[in-house]
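Throughout, protein chains are lettered first and strands after them, A, B, ... in sequence-line order, and every chain is numbered starting at 1. Quick caveat: nothing in here was measured; it's all calculated off a predicted structure.
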2 protein chains.
Amino acid sequence: MKVKGNHFETIWINEENSGLVQIIDQRHLPFAFRIEDIKTAEDMFIAIRDMHLRGAPLIGAAGALGMYLAVLDHPGKSISEGYITEKANFIKSSRPTAVNLSWAVDRVAEDLKGLRPKEEAVELAKRMAMQIMDEERENCLKIGQYGVKLVEELSNRKNNDTVNILTHCNAGWLACIDYGTATAPIYRAHDQGIKVHVWVDETRPRNQGARLTAWELSQHGVPCTVIADNTGGHLMQKGLVDMVIVGSDRASPYGDIVNKIGTYLKALAARDNHIPFYAALPSSTIDWQLGEGALETPIEERDANELRMVEGMINGKVSEVEIIPRDMPAVNFGFDITPARLISGIITERGISLANKKSIFTLFPEKNLNPD
Amino acid sequence: MKVKGNHFETIWINEENSGLVQIIDQRHLPFAFRIEDIKTAEDMFIAIRDMHLRGAPLIGAAGALGMYLAVLDHPGKSISEGYITEKANFIKSSRPTAVNLSWAVDRVAEDLKGLRPKEEAVELAKRMAMQIMDEERENCLKIGQYGVKLVEELSNRKNNDTVNILTHCNAGWLACIDYGTATAPIYRAHDQGIKVHVWVDETRPRNQGARLTAWELSQHGVPCTVIADNTGGHLMQKGLVDMVIVGSDRASPYGDIVNKIGTYLKALAARDNHIPFYAALPSSTIDWQLGEGALETPIEERDANELRMVEGMINGKVSEVEIIPRDMPAVNFGFDITPARLISGIITERGISLANKKSIFTLFPEKNLNPD
């Protein structure tokens, strides 16, 4: 998507120097747009661990490109399986609970199995990393193509008046390679000339909405407004929201989703006000093994300091202030579950399904190991 | 309630110097506990306008005591009606939309009508201000006495295990003279030895929960935990909330309430999880003239900078950081409506009613001008 009028993705191999990977260092957004050079697997390890980049699809791509850099860095003429395993474990340890990271790194490692000439290994690693990026980009593109129809319909129903879409957290292109998941239908609609406006939940405690989603939408020219997380229900009561689109960190084939804490509250408000509520996700987010009601929130009680400390600009410098004293108990849960009964539909790379097993397996029949 | 082990109210006349009013300067909480001397009506004007104190009942009392100081300050031997009117208008202009302020100031002004010896006027003004404070204190005390029964019941049902209560914003003693509204049943339960724990919503964008409610509960020894506003739904899904109690800024005799933005979302989550949701309010909060469905959110789109700027401690100093850039659109609505259908009951100074007209008028029959 666009940044200051130019097209950017979140991660790429430098055009003139194929030994250099570059990323948008997201820690400084929205205050500064900085590109970071990633020259080695060690650089990538730090970028992933310290969250210079985040978002499941992006972390996967970063891991794959980290493997590519590891192979490039190898001093000898041929690459052993031991070296690959060692580097794969190293990169995966940067965020041990990130499923997408392991999956992407292992895909590259698998491809490189067996002793190989370095040159061949470099080509293979690069090709696999590019393929992973292509797949992620393609998934988001398709989600946009299918999802835009929902926006179009609302626009038609409103006689081309602005469609107001509420979103929570950042399921935008900054979390992916391009387009995003929840944002893909929005960018597509905007690019097609449909009038859209996005209500962006601040998304406490890490403020991904205020810091990332609002920034990326604005940079691409999509009108948006940041609101406190408390505000969505009121806006819906007042008729100021036409639809809700969120992403998902994990989903069940029964249509329940895990997403950033607070998503459930917006889904309740959407239902209470008869507003459609959609989750946009690539099918890789669905854990096909899950039985009915088996989706659980990840055990992720995060550091309460994320709630206590708030980062922002002061005197032209990014600094943190303490808003809750250290001796005051505080807890910080990362996710909640939005049950399928509150979800109008799931926007995937194969189309839009209802939030139930039958409809989801109709789109992904090969995943149904026990068809009725 | 207690602060550092000693009993405090939010505003008082100094015991040794009856010409000195003192308040807790709430701007510095929870980082510093400061008592401010209010020596003149002008001091009180500034304290109200610049929110050294806030909360409807407290602002009313402050206005009345401001009138007392104005009378004390009069240089002559007798006080004219013109002087009273001038001072009343001056104090009321400190927060022109605060209904309680006008009401309290006018009560004192009414009492002082006609030319009077200054000494008599001082006595009258003081007596009326004290009476207003007594009434507010008494209302909260009664709300606590009635409301504690709900907590007691839950405690019994849990075999004396901790009752977890969620609250939003600050409807605590810092907003009143003592006890608070939503907090009154909680303090009462705690003081009676019932085990309670409070989930305190941070309450963006002004963070009254994190800054005031958590502080006042902790100072009194009530266990509490600050959470992001996004968290309440998840806690309810997990069975970690036994009841919700909130205050109200305005209520209808049909049982709908206006309260701090985000209250509605918690009410939806409470209903979805079969958790009782109570509003605690003195009957002065009810606008008896309202017809069914006539309650509207006050037109209060507040300064978006309240959302953009966050105040906290940095290097031992209270400072503000900018978390949303100035050029990014943001809106800040102050209130939402929680409809009666989501409210289990209303805790008033005369008892607990259901959130419907019949039940409310049963407690306040004199307010029913058109009985069926």
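Of all the listed residues (B:Pro339, B:Pro329, B:Gly262), the one sharing the greatest number of non-hydrogen pairs under 4.5 Å with chain A is B:Pro329. Between chain B and the residues A:Val200, A:Ile323, A:Ile314, A:Thr263, the most heavy-atom pairs under 4.5 angstrom are made by A:Ile323. Each of A:Thr231, A:Asn207, A:Thr203 has some count of heavy-atom pairs under 4.5 Å with chain B, and the biggest count is that of A:Thr231. Interface remark: of the candidates B:Pro30, B:Pro325, B:Ala214, B:Ala214 forms the most heavy-atom pairs closer than 4.5 Å to chain A. Contact count versus chain B (heavy atoms, under 4.5 Å) is highest, among A:Ile261, A:Val318, A:Val310, for A:Ile261. With chain A as the partner, the residue from B:Gly232, B:Ala210, B:Cys224 showing the most heavy-atom pairs under 4.5 Å is B:Cys224.
Remark: B:Trp215 CH2 to A:Met328 CE distance equals 9.5 Å, nearest 0.5 Å. In this structure, CE on B:Met309 lies 10.5 Å from CE on A:Met313, to the nearest 0.5 angstrom.
Neither the backbone nor the side chain of A:Pro223 comes within less than 4.5 Å of any heavy atom of chain B. Contact annotation for A:Gln237: only side-chain heavy atoms (C-beta onward) come within less than 4.5 Å of a heavy atom of chain B. Using a 4.5 Å cut-off between heavy atoms, A:Ser218 touches chain B through its side chain atoms alone. Proximity to chain B (any heavy atom under 4.5 Å) is shown, for A:Asp229, by both the backbone and the side chain. Only the side chain of B:Arg341 has a heavy atom closer than 4.5 Å to any heavy atom of chain A. Looking at A:Glu202, only its side chain comes within 4.5 Å of chain B, counting heavy atoms on both sides.
At a threshold of 4.5 Å between non-hydrogen side-chain atoms, the residues A:Phe333 and B:Ile227 do not count as touching. When side chains are defined from C-beta on, B:Leu268 does not count as touching A:Leu265, because their heavy atoms never get closer than 4.5 Å.
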- Message: Would A:Arg271 and B:Asp272 count as a salt bridge (charged side-chain N to carboxylate O under 4.0 Å, His left out) here? Give the steps.
- Response: CA-CA 11 Å; A:Arg271 184 187 57 174; B:Asp272 201 46; 3.5 Å; yes
- I would like to know whether A:Lys260 and B:Asn230 meet side chain to side chain contact (heavy atoms under 4.5 Å, CB included); could you show each step before the answer? CA-CA 9 Å; A:Lys260 183 64 57 195; B:Asn230 284 321; 5.9 Å; no
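A salt bridge does not link B:Asp201 to A:Arg204: none of the charged side-chain nitrogens sits closer than 4.0 Å to a carboxylate oxygen.
Residues B:Phe335 and A:His234 approach most closely at O-ND1, 3.5 Å, considering heavy atoms. Counting all heavy atoms, side chain and backbone alike, B:Val321 lies closest to A:Ser319 at CG1-O, 4.1 Å.
In this structure, A:Lys2 places its NZ atom where only 12 or fewer heavy-atom neighbours from other residues, nucleotides or ligands lie under 6.0 Å away.
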